[in-house]
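Structure first, then comments.
Here is how names work: the chains are called A, B, and so on, in the same order as the sequence lines, proteins then strands, and each is numbered from 1.
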Amino acid sequence: MSDTPHTENTSSAAAANEKQLNFLEEIIEQGLNDGTYQSILTRFPPEPNGYLHSGHAKSICINFGLAKKYGGKTNLRFDDTNPVKEDTEYVESIQDDIRWMGFQWAGIHYASDYFDQLYEWAVVLIKKGLAYVDDQSLEEIRTNRGTVTVPGKNSPYRDRSVEENLDLFARMKAGEFEDGSRVLRAKIDMAHPNMMFRDPIMYRILHAEHHRTGNKWCIYPMYDYAHGQSDSIENITHSICTLEFDIHRPLYDWFIEQLDIYPSHQYEFARLNINYTVMSKRKLLQLVKEHYVSGWDDPRMPTLCGFRRRGYTPESIRAFCERIGVAKRDNIIDYSLLEFSLREHLNKVAQRRMVVLDPVKVVIDNYPEGKTEMLTAVNNPENADDGTREVPFGRELFIERDDFMEVAPKKYFRMAIGQEVRLRYAYFVTAQSVEKDADGNITCIHCTYDPATRGGDAPDGRKVKGTIHWVSAQHAIEAEVRMFDRLFATEAPDDAPEGKTFLDNLNPNSLQVLQHCKLEPALASASMYTNPETGITEPERFQFERLGYFCVDRDSTEGHLVFNRSCTLKDSWAKISK
RNA sequence: UGUCCAUUGGUGUAAUGGUAGCACAUCUGACUCUGGAUCAGCCAGUCGAGGUUCGAGUCCUCGAUGGACAACCA
């Protein structure tokens, strides 16, 4: 984080932005202004049952971002009330991902830390006649709940005495009953139009080992009974969640009110959706389990670890989250906005290198045999501080197969017979002839160069329309390059026709592996590195000129470099040519 | 068929009763040793009908459309 001094520009920009608050910022500012609270405390409450994805990134940016903006704090709280689904593995990865995103939590908590308190409060509610032990079976509870249009029926156990409820609940906790035989329910209204109020279940019996509390408990609180109280215990001022919890809010408030504890408040925003991707944990898990992708961190996955391996930067994801805004209406964000945010950042920070993905050999017939010269290339035209490097040049080179056509069509500025082009940072060359194999494929392009154009400029001032990249054949190093494209071929992968699933919408060409790509020697040292600020290992990122942004993959070994394509460059030729 | 939430260009998001703005995408053009970047510009919007008001995207009523809710998941 840079502490650039505030200039008049930034402060007036801030003033201009002041009016454009999202609805959460308005709520916070109002509360701050009217003294409801002196500072804010938010929380990010993942369940440790999977890896974080781009939807979580939005939530992280909102929760941590808001606290940061208003000088407050954010707790990380694992919502670990369901031991059968949760695991320490996820606890670790979630912390890594948050750190990678560049945020730091004030306190780290677990809903399971509050199990004792939650139990005591349940007893309080029983004593107040607001909770009861229900012996109905799962099926009975389900049918007696009614439907959204039909009121439910009271449980026959609903009017048990406080003493009996206390006794039964204690025995539930003591492990006297089997899983599923009894539950503790809040006693509210079985005919309530909001289904959440039809005597919601507070505790179920689960003889399962918990990743933190071990075998201490065999009853576990449900989300609705645990979440609000956990917020209250921590004095969370703003409990920010997604829209589907909107209908839970009255219940959230009800428990807090009945218990007469710190009144945390819940606010809901619309979850993030991005076209061409799926976001549900279930589907992401299926992609991994059934090997449609290589793992949670497959570079095509919308998980944070997937983005990281793909070469995304936290800055780009934060910028993306800033741009998508925060509101309450359902939305589907264009994938291109994500890519725009990535390019925007990488353009500023990624050093340029020359790499030929699909090589074809070029021989400069009038260049001295055996000669090598070093030419100076700019590392990053966007940042002079990145300096320059020396790139070896020789008689034999590789260029991109795409960059040559025997006969140039209109508006094709690259190499063609008789058409002079610039080899970037090197010389002007003109193709003279080609060699072909038996199938008619070009195996070698012969050209001539103009020695006076060394460095890429003609002393006589003549111009060329095209500049192409190249790698010296003698000095090239080889690497594998994984060309990724979007994982799904359709905009809304979840919309599958009858008899099909989202899997039928997978893009069969989402990964193309290229071997023996030719890289300039400077790339030999490309590697993974540990970010000193976060302690997270990240891949070194580059722009391969005219091709796109690429990063080192963690599969790279001593003698075998592997790169991932993060995204392409905008390609206006691609549009012209079609 | 119940309750709740939402509805502004292709996609997002502002405008807090007073000139409908910004970003992405698209398309044009300029510039360029990356057909990149940058710069300039074009196109394009208040779901509908009533009402309140000097004035409505904004407030009210009715309707339409989309979403959420009927796990001992979160």
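For B/G21, the paired base is B/U13 (Watson-Crick or G-U wobble, both distances below 3.5 Å). Base pairing annotation: B/G50 forms a Watson-Crick or G-U wobble pair with B/C60, both donor-acceptor distances under 3.5 Å. Partner assigned to B/C27 is B/G41, using Watson-Crick or G-U wobble distances below 3.5 angstrom.
In summary, A/E339 and A/R343 engage in a salt bridge, as defined by a charged side-chain N under 4.0 Å from a carboxylate O.
OP1 or OP2 of B/C27 has at least one side-chain nitrogen or oxygen of A/K575 nearer than 4.0 Å. Phosphate contact (OP1/OP2 of B/G35, side-chain N/O of A/R546, threshold under 4.0 Å): present. Distances shown here put every side-chain N or O of A/T81 at or beyond 4.0 Å from the OP1 or OP2 atom of B/C73. Distances shorter than 4.0 Å separate some side-chain N or O of A/R204 from OP1 or OP2 on B/A74. For A/R282, no side-chain nitrogen or oxygen approaches OP1 or OP2 of B/C73 to under 4.0 Å.
Listed candidates were B/A37, B/A68, B/C73. Nearest to the side chain of A/K85 is B/C73. Among B/U7, B/C73, B/A71, the nucleotide with an atom closest to any side-chain atom of A/R145 is B/A71. For A/S572, the side-chain atoms get nearest to B/G36 when compared with the rest of B/G12, B/G2, B/G36. Side-chain proximity of A/E244 to the nucleotides B/G35, B/A68, B/G36 is greatest for B/A68. Of the candidates B/U34, B/C5, B/G35, the closest approach to any side-chain atom of A/E545 belongs to B/U34.
Ring pair A/Y225/A/F255: centre-to-centre distance below 6.0 Å.
A donor and an acceptor atom sit less than 3.5 Å apart, one in the side chain of A/R414 and one in the base of B/G35. A donor N or O paired with an acceptor N or O is found under 3.5 Å between the base of B/A74 and the side-chain atoms of A/H248. With hydrogens and angles ignored, a donor-acceptor pair under 3.5 angstrom links the side chain of A/Q543 to the base of B/U34. One N or O donor and one acceptor, one from the side chain of A/R352 and one from the base of B/U34, sit under 3.5 Å apart. Judged by atom type and distance alone, A/D571 does not reach the base of B/G36 through any side-chain donor-acceptor pair under 3.5 Å.
Using C1' as the reference atom, B/G57 and B/C24 are 22 Å apart when rounded to the nearest Å.
When each of A/N82 and A/F413 is assigned the nucleotide of RNA chain B with its nearest heavy atom, A/F413 is the one assigned upstream, toward the 5' end.
Between A/Q229 and A/Y114, the closest side-chain pair of non-hydrogen atoms is not below 4.5 Å.
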